[in-house]
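In this text the structure is predicted, and so the values were computed from the model without any measurement.
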Amino acid sequence: MAAGERHGLGGLGLLVERSEPDEEAARRAWAENRTLLGAVRLRLAADGAAGETLELPHPAPWHGVFLFRAAGASPRIAVWVPWLGEAPGLVAVRRPGATPSCGSAGSAAPTAGSR
């Protein structure tokens, strides 16, 4: 579902809408040391009348970069990093926080068939 796109779910009268931050929101979050947020909105409509809306804010990225409020002067930055690396005959999974070792000199990279 694209940002801003709305979906009604069957005959339930439930409307789901997702919003993502824009560039201006990212700049404000950075300048004000705030967590950059997006939101999912749920609205239940009864008999064609608009019902109450439930908004569920969540951390959201701007071009793949998350900004989180920090105790210092500027927010922490986080990026989505895949934990699965693939090559022909090789699949290596690394633990969160571990440094990549596949292909580096002296590394014990797993090989096809090894566990």
Side-chain angles (χ1 to χ4, degrees):
M1 175 166 58
E5 189 174 342
R6 296 177 175 200
H7 289 278
L9 299 178
L12 299 176
L14 181 64
L15 183 67
V16 180
E17 181 181 299
R18 189 185 77 169
S19 65
E20 292 182 3
D22 58 10
E23 182 177 358
E24 183 59 31
R27 288 181 186 276
R28 274 194 319 270
W30 179 262
E32 298 170 7
N33 188 15
R34 290 185 295 115
T35 298
L36 184 61
L37 297 174
V40 173
R41 289 180 198 86
L42 305 172
R43 186 174 63 210
L44 186 59
D47 298 325
E52 290 191 36
T53 300
L54 174 64
E55 184 168 322
L56 305 169
H58 59 84
W62 170 248
H63 287 279
V65 178
F66 290 84
L67 301 176
F68 294 100
R69 185 181 190 290
S74 60
R76 291 182 298 137
I77 296 174
V79 294
W80 183 263
V81 180
W83 296 107
L84 180 64
E86 295 184 54
L90 167 73
V91 175
V93 178
R94 63 184 171 106
R95 293 184 184 97
T99 55
S101 61
C102 293
S104 60
S107 68
T111 58
S114 67
R115 294 183 189 233

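- Pairs engaging residues 53-67 under the salt bridge (charged side-chain N to carboxylate O under 4.0 Å, His left out) rule: Arg41-Glu55 [sequence neighbours left out].
- The shortest non-hydrogen separation linking Gly38 to Ala60 is N-CB, 3.4 Å.
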Assess the residue pair Ile77 and Leu67 against the criterion (side chain to side chain contact (heavy atoms under 4.5 Å, CB included)); give the C-alpha distance rounded to whole Å, side-chain angles, the decisive distance to 0.1 Å, and a yes or no.
CA-CA 5 Å; Ile77 296 174; Leu67 301 176; 3.9 Å; yes

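- Formation of a donor-acceptor pair under 3.5 Å by the Asn33 side chain with backbone atoms of Ala70 is found in this model.
- Every residue two or more places apart in sequence or in another chain that forms a side-chain hydrogen bond (donor to acceptor under 3.5 Å, both in side chains) with Glu23 is listed here: Arg27.
- The closest side-chain heavy-atom distance from Phe68 to Pro75 is not below 4.5 Å.
- Leu37 belongs to no hydrophobic cluster with other residues, because no ILVMFWY side-chain heavy atom falls under 4.5 Å from its own, directly or through intermediates.
- When hydrophobic clusters are built by joining Ile, Leu, Val, Met, Phe, Trp and Tyr residues whose side-chain heavy atoms come closer than 4.5 Å, directly or via intermediates, Val79 is not grouped with Phe66.
- Nearest heavy atom pair, residue Leu36 against residue Pro21, reads CD1-CB, 3.5 Å.
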